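Here the structure is laid out as structure tokens; the discussion comes afterwards.
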2 protein chains.
Amino acid sequence: MTVTSVHDPSHREALWELEDAFERGDLVSVFGRCTVSYEGRAASDLGAGDRLLVLKPDGAALVHTDEGRQPVNWQPPGSEHRAAVREGRLRVRSTRTSPDETLTVRFSDVHQLSAMAVTGGRDLTLHGSEEDLRTRILERPELVEPGFEPRETERPSSAGPMDIFGVDADGTPVVIELKRRRVGPDAVGQLARYVRALREELGVEGEGKGGEGEETEAAATAVRGVLVAPSITDRAAERLAERGFGHVALDPTPET
Amino acid sequence: MTVTSVHDPSHREALWELEDAFERGDLVSVFGRCTVSYEGRAASDLGAGDRLLVLKPDGAALVHTDEGRQPVNWQPPGSEHRAAVREGRLRVRSTRTSPDETLTVRFSDVHQLSAMAVTGGRDLTLHGSEEDLRTRILERPELVEPGFEPRETERPSSAGPMDIFGVDADGTPVVIELKRRRVGPDAVGQLARYVRALREELGVEGEGKGGEGEETEAAATAVRGVLVAPSITDRAAERLAERGFGHVALDPTPET
DNA sequence: TATTGGATGTCGCAC
DNA sequence: GTGCGACGTCCAATA
């Protein structure tokens, strides 16, 4: 199998293995005691400690400690890995441009270095996303409310594309903002922007107020806003009420 | 050294090593061919392929392919790892509750398994954060505008705590929203909420409009909103202008 | 425990 | 490349 592995290598040995692994396009993991410094969008320094360094052939670099889902330091894909021995330490440096960023890992000790050629299987299928919620509504519009008719998804507006645009039983335009999970006040602001943009575009008064005579069916041409999400926070509910928007409780997938 | 490592172990061997590593609280990395399934906040399935599984003693689990900064599947800290041999495969399962989530990795082949006891060095020092930007302004308020006086940070309001509250040269209240990097329209919405909350709280008219006689210094008690960020998008600028808010271009750290 | 907003967020897509 | 919004976002601070 295409795995190479060295235990307690000298820095020189580790360097050879790393360079070979970079050449082959391997996925690399390095256990060892190291310091880490980063400079780019921000800047950081991390003192000596035992960590796991993961180097990917696409340029990504991850420094993991024993805690957390997030790497304590990292470099995004598209970076370039280089290794060298400097001042008695193994130095692994990953750099990229635009923005200029550099991650430097200096190992005083390398405990274990492994490299594997990785093939196959990038076909992740995910269920329960916002897209699933959209699909569910398009298939069963009555879940929003009786008589609701979706007209367009990702409908453009001056405030950006709205998730679903449609009309209610009265023919009033409805803007729907979808969220796959419980939402806070930010989602209401987002919905408000779309509704406002559409009101300006259609030249109608908000919240059912009539025009000045020209528009005889003002109520029918007002724009409604509806937030579809499994649930909302209290603050979000307040802001929804202020704006006169509605909320429909709906999960991305039918409850089991 | 406190690193154990096995190359091409049998499932049985791998299982022993894993259980020992869990017992010791080691940081574990496993190279191998596997399938991955997840069920929890969403659900996903990933077909067979070569991947790197990282298991942390705090319960975090990460499945990495050869691409991307993000793991293709994961489990957050606080989960519990268990391993077993089932149907001729090594099954590693990580579960947590609230929300209920399960990650299952089934290895048909384990190429390399390493485990290391991790100690020391969680003292990351980071520069260039929003907090640095706040500090910079508090030390040199004139960077916002001549005569600006910060009065309070994280000042509470009905819309949540505002980054900096202060007064300008005229004594007019100023709400400052800080962003460490270029911002879009969402930041303007956030600023607007704070300004509105403060206007309600102080009972003043917005945008310098006077009261009806009771308040003789209406202009002085209006509330201004200022967005401090390195730069803003066009759309954000539009929304700032609509609201009558200002923008000050400022980096979290002085330019080199 | 739930809520809120920051993050070197990352990532994908449209322009 | 920038802009914009989703994400199983993660994460810490806070109520």
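All chains are named by letter (A, B, ...) in the order of the sequence lines, taking the proteins before the strands, and each is independently numbered beginning at 1. Keep in mind that this is a model prediction, so the values were computed, not measured.
Remark: the A/E130 side chain and the D/dG8 base include no donor-acceptor N/O pair separated by less than 3.5 Å. The base of D/dG3 has none of its N or O atoms less than 3.5 Å from a complementary donor or acceptor on the side chain of B/D234. Below the 3.5 angstrom threshold, one finds no donor paired with an acceptor across the side chain of A/Q70 and the base of C/dG9.
Of the residues listed (B/L240, B/L178, B/L227), the one engaging B/V183 in a side chain to side chain contact (heavy atoms under 4.5 Å, CB included) is B/L227, and it is the only one.
When the C1' atom is used for both C/dT8 and D/dT14, the distance is 25 Å, rounded to whole Å. Remark: the separation of the P atoms in D/dG8 and D/dC4 is 23 Å, to the nearest Å. Look at the C1' atom in both D/dC7 and C/dA7: the space between them is 14 Å, to the nearest Å.
Within the 4.0 Å cut-off from OP1 or OP2 of C/dG6, not a single side-chain nitrogen or oxygen of B/R181 is found. Between B/W74 and the phosphate of D/dT9, there is no side-chain N or O to OP1/OP2 separation shorter than 4.0 Å.
Side-chain atoms of A/T119 and B/D50 form a donor-acceptor pair, as typed in the model, at a separation below 3.5 Å. A donor-acceptor contact under 3.5 angstrom links the side chains of B/D132 and B/S129, judged on distance only.
Distance, B/L124 CG to D/dC10 C1': 15 Å, rounded to whole Å.
Nearest-nucleotide positions on DNA chain D place B/N73 closer to the 5' end than the other of B/N73 and B/P77.
Listed nucleotides: C/dG6, D/dC10, D/dA6. Nearest to the side chain of B/K179: C/dG6. Nearest nucleotide to the B/R180 side chain, out of C/dA2, C/dA7, C/dG6: C/dA7.
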